[in-house]
Amino acid sequence: MGAESVLGPGGATSSAMSMTLGLAGAPPPRDATATVAVTAEIPIVPNAPAQVLPDGSLWVAGTSTRLPAPVLLRQLVWSLVIVLVLAGFGLWVLRYRPSWLAFARQEAAPAAATATAGDGTHPHTSGVGRARSGSIGGFHVLSSTPASAGKITTYTYSVGSSAYSVDVATTNRTWVVMRTPSDAPGVPPVFAVEPPGWSHTMTALSGTFFVEVAARGATITVRSGNKVVGTIADAPSAGYTFQS
């Protein structure tokens with residue numbers, strides 16, 4: 001530490017003191033913004049509110065244990081899962097294996113097959129049921145097979161023409177299958193549940209045609225050129241094979 005005399009105005013003398021601290025090892029100044037790390041265990045807060053986690057379990061603040069969801073909630077969740085699985089399986093069966101539901105579509109056999117002569121203006125009209133030989137006209141039932149385990153009722157019709165087309169029109173929500181030839185492999189061109197008011201026409205190939213409907217509400221019309229040769233109105237659930 002040193003003192004220095006300075007001559008001021010008017011000849012007065014003043015002293016300026018200067019002091020320098022040069023202490024080695026002095027600690028650096030404290031940073032007021034620094035955070036303090038707490039390493040001590042934070043005590044559990046009693047009566048802390050429970051929280052419902054996304055998986056349905058309960059968690060209490062300050063604990064590491066999840067409490068199981070209430071029994072009723074778990075039963076409800078599993079019930080919904082089972083219902084969804086069954087519904088998905090049912091839709092798959094309806095879409096890809098409709099024959100598995102044949103037992104549920106059996107209906108009382110309608111009147112015996114009949115046919116009336118037609119000239120295009122008044123077409124042959126046929127019911128379905130047991131086979132009847134010697135029906136009038138070219139459009140008639142050749143044979144029928146009743147439903148059995150895993151199989152639907154089937155009818156075989158003679159069209160009386162080598163060139164014909166088949167039209168299916170619906171008045172109710174109805175499962176419809178259409179393919180030609182009748183034994184064509186692969187997924188048929190029409191293979192779905194169709195809404196009311198739906199209609200589709202296909203030309204028979206190789207002289208055979210197959211139609212399946214799963215509920216009343218579909219009319220099957222067979223045409224040769226511009227003439228209607230046969231109609232099955234309000235067709236019962238069955239498979240229908242047409243051949244020339």
Side-chain angles (χ1 to χ4, degrees), residues 94-95 98-99 101-102 105-133 135-147 151-184 187-244:
L94 184 62
R95 176 73 178 178
S99 61
L101 303 177
R105 299 197 300 262
Q106 296 182 21
E107 301 179 6
T114 58
T116 57
D119 56 7
T121 302
H122 301 86
H124 301 297
T125 300
S126 177
V128 289
R130 62 181 178 82
R132 177 180 175 181
S133 60
S135 298
I136 301 173
F139 186 75
H140 61 279
V141 179
L142 291 175
S143 63
S144 65
T145 303
K151 295 183 179 181
I152 60 175
T153 301
T154 58
Y155 299 95
T156 300
Y157 276 77
S158 174
V159 175
S161 174
S162 59
Y164 64 94
S165 62
V166 177
D167 173 82
V168 177
T170 62
T171 55
N172 294 319
R173 183 176 174 83
T174 307
W175 168 262
V176 180
V177 176
M178 299 175 67
R179 67 170 178 259
T180 182
S182 59
D183 57 353
V187 178
V190 178
F191 190 81
V193 176
E194 304 298 349
W198 176 87
S199 178
H200 188 69
T201 301
M202 293 174 56
T203 300
L205 303 177
S206 301
T208 62
F209 201 105
F210 177 79
V211 175
E212 179 185 338
V213 294
R216 286 191 180 275
T219 295
I220 304 172
T221 303
V222 180
R223 293 182 174 87
S224 179
N226 295 325
K227 295 183 178 181
V228 177
V229 297
T231 300
I232 305 174
D234 196 21
S237 301
Y240 301 86
T241 298
F242 302 97
Q243 61 185 43
S244 56

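Along the sequence shown, residues are numbered consecutively beginning with 1.
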Report all side-chain donor-acceptor pairs from residues 198-206 shorter than 3.5 Å, counting only partners two or more places apart or in another chain.
unit_1 : atom_1 : unit_2 : atom_2 : d
W198   : NE1    : E194   : OE1    : 3.4
S199   : OG     : D167   : OD1    : 3.1
T201   : OG1    : D167   : OD1    : 2.6

*Give the C-alpha distance, both sets of side-chain angles, the deciding distance and a yes or no for side chain to side chain donor-acceptor pair (under 3.5 Å) between S162 and S244.*
CA-CA 5 Å; S162 59; S244 56; 5.9 Å; no

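- Applying the side-chain contact (heavy atoms from CB on, under 4.5 Å) criterion to T156, with sequence neighbours excluded, gives L142, S143, T241, Q243.
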_Between R223 and V229, does the side chain to side chain contact (heavy atoms under 4.5 Å, CB included) criterion hold? Intermediate values first, please._
CA-CA 5 Å; R223 293 182 174 87; V229 297; 6.0 Å; no

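- Residues E212 and V176 fail the side-chain proximity criterion, which asks for heavy atoms closer than 4.5 Å.
- The two residues T174 and A218 have their closest heavy-atom pair at CG2-CB, 4.3 Å.
- Between Y164 and G207, the closest heavy-atom pair is OH-O, 3.0 Å.
- Closest heavy-atom contact between S237 and A215: OG-N, 3.2 Å.
- Put simply, CG on D183 and OG1 on T208 are 5.5 Å apart, with the number rounded to the nearest 0.5 Å.
- When all heavy atoms of A235 and V213 are compared, the pair lying nearest together is O-CG2, 4.0 Å.
- Under the rule for a side chain to side chain donor-acceptor pair (under 3.5 Å), T180 has no partner lying at least two apart in sequence or in another chain.
- With sequence neighbours excluded, the residues that form a ring pair (Phe, Tyr, Trp, His ring centres under 6.0 Å) with F242 are Y157.
- The salt bridge (Lys or Arg N to Asp or Glu O under 4.0 Å) analysis of residues 234-244, with sequence neighbours excluded, yields the pairs R216-D234.
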_Check against side chain to side chain contact (heavy atoms under 4.5 Å, CB included), V166 and V211_ = CA-CA 9 Å; V166 177; V211 175; 3.9 Å; yes

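- Nearest heavy-atom pair across F139 and T231 is CE2-N, 3.9 Å.
- Contact detail for T170 and P195: the closest heavy-atom pair is OG1-O, 2.7 Å.
- Rounding to the nearest 0.5 Å places OG1 of T153 at 8.5 Å from OH of Y240.
- Note that CZ of F209 is 10.0 Å distant from CZ of R179, once rounded to the nearest 0.5 Å.
- With sequence neighbours excluded, no residue forms a side chain to side chain donor-acceptor pair (under 3.5 Å) with T221.
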